[in-house]
Amino acid sequence: MPIDGEPVCGHTSGFTPLVEAKNLAEALRIKKCYIKDDSVNHPTLSFKDRVVAVALSKAKEFGFKTVACASTGNLANSVAAHSRYSGFDCYVFVPYDLETSKILSSLIYGVNLVAVEGNYDEVNRLCAEIAMNFPWAFVNVNIRPYYAEGSKTYGFEIAEQLGFRAPKNIVIPAASGSLVTKIYKGLMEFYQLGLISEFKTKFFIAQAQGCAPIVNAFKENSSIIKPVKPKTIAKSIAIGNPADGVYALEIVKKTGGYAEAVTDEEIIEGIKLLAETKGIFTETAGGVTVAVTKKLIEKGIIPREEEVVISITGNGLKTQEAV
Ligand SMILES: *Cc1c(COP(=O)(O)O)cnc(C)c1O
């Protein structure tokens, strides 16, 4: 991780379970299926605790007194929680129409929450302007490179938990596309260090049909990501103008993967399928990933005689409205 001293937070984040899901594999009619389960990440139940651990540690090194973020919910929850014990003032900016639990799970920490009448892309633009006028560390704006590196741990752990090897196929939900690029980078670093002997993983991107700019570009065989106006129940991944979209798309193409989207109905079915077969209650983003995996197997794009790792990135208790 790109920090020089001791981390100031996140010591308990990460190292979430990688579990084999036999009943799910049977339901999907595929040989083997693993869930990398960040729905139980500590302390705020999403993969965002990984990125915030690095971002706030770096913010402390840089001497920032205030941390902030533009968020679709989970990042705000995590920045809020970690800021409390690592000694920062905290401002989080979110679209006004998030799920109740995502709002409450920031407010409970007593931070400043700004609800913006607009979608995430508008919140993000506002934050870019604020970052130019206030000496604040916006974890996903002005210190974004450090934040992004935190996602590599998701890839490191998958390799370690598989017994130091890379999976054959991995399905990852994409909002900004950052997580996709950093799982790739994490596995690549392990490969370059000789910790895994082979790296031939195919990367698959999962998005909701109501916000699928990366999937659209993939299907149009274009390297330009056209922004969209999000309209989906999968609010945590509803980014219409994804910052790392082109890079995520490149990884899908060069690894021989694919990008696919599913409807809101399919998202809910995905949430239920994972709950009923593995006893894991994921949020809407997880429903997207499960449903896209199902679709890719049915289309023959992920072969039935192979294994697949499904990236579960958030917790269902935070998006109860959806179901
Ligand atoms: C933020 C988030 C993602 C994806 O984030 P990227 O911006 O693509 O890195 C996926 N799932 C959940 C639950 C999230 O909160």
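Predicted model, so just to flag it, every value in this text is computed and none were measured. Just follow the structure's listing: the first ligand is 1, and inside any ligand the first atom is 1.
- For atom 12 (C) of ligand 1, the closest heavy atom belonging to the protein is T313 OG1, 3.3 Å.
- Atoms of ligand 1 lying under 4.0 Å from at least one heavy atom of E283, given by number and element, are 13 (C).
- Checked for salt-bridge contact, K202 and E306 miss the test: no charged N lies under 4.0 Å from a carboxylate O.
- Among protein heavy atoms, atom 2 (C) of ligand 1 sits closest to K48 NZ, 2.4 Å.
- Every residue two or more places apart in sequence or in another chain was checked for a ring pair (Phe, Tyr, Trp, His ring centres under 6.0 Å) with F64, and none qualifies.
- Residues F93 and Y120 place their aromatic rings such that the two centres sit no closer than 6.0 Å.
- When each of N74, T313, N315 is tested with E283 by the rule side chain to side chain donor-acceptor pair (under 3.5 Å), just one qualifies, namely N74.
- Under 4.0 angstrom from ligand 1, the non-hydrogen atoms of N74 all belong to its side chain.
- Residue contacts with ligand 1, taken as heavy atom pairs separated by less than 4.0 Å, involve S176 via backbone and side-chain atoms alike.
- The aromatic rings of Y184 and F199 are tilted relative to each other, their planes meeting at an angle between 30° and 60°.
- Under 4.0 Å from ligand 1, the heavy atoms of I237 that appear belong solely to its side chain.
- Contact analysis leaves S46 out of contact with ligand 1, as no non-hydrogen atom separation drops below 4.0 angstrom.
- Below 3.5 Å of separation, one finds an N or O of L179 facing an N or O of ligand 1.
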Quick one: side chains of residues 16-23, donor-acceptor pairs under 3.5 Å with protein atoms, not counting sequence neighbours, listed by atom name and distance.
residue, atom, partner, partner atom, Å
T16, OG1, K36, NZ, 3.1
T16, OG1, D38, OD1, 2.6
T16, OG1, R50, NH2, 3.3

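- Cluster annotation: V54 and M188 are assigned to the same hydrophobic cluster (Ile/Leu/Val/Met/Phe/Trp/Tyr, side-chain heavy-atom contacts under 4.5 Å, transitive).
- In the vicinity of S178, heavy-atom distances shorter than 4.0 Å reach the ligand 1 atoms 6 (P), 8 (O), 9 (O).
- The G177 neighbourhood of ligand 1 comprises atoms 6 (P), 7 (O), 8 (O), with distances under 4.0 Å to a heavy atom of that residue.
- In summary, the atoms of ligand 1 found under 4.0 Å from a heavy atom of A285, numbered by their order in the structure, are 11 (N), 13 (C).
- For an aromatic pair to be called close, the ring centres must be under 6.0 Å apart, and Y147 with F138 fails this.
- Listed by number with element, the atoms of ligand 1 under 4.0 angstrom from any heavy atom of A175 are 4 (C), 5 (O), 6 (P), 7 (O), 8 (O).
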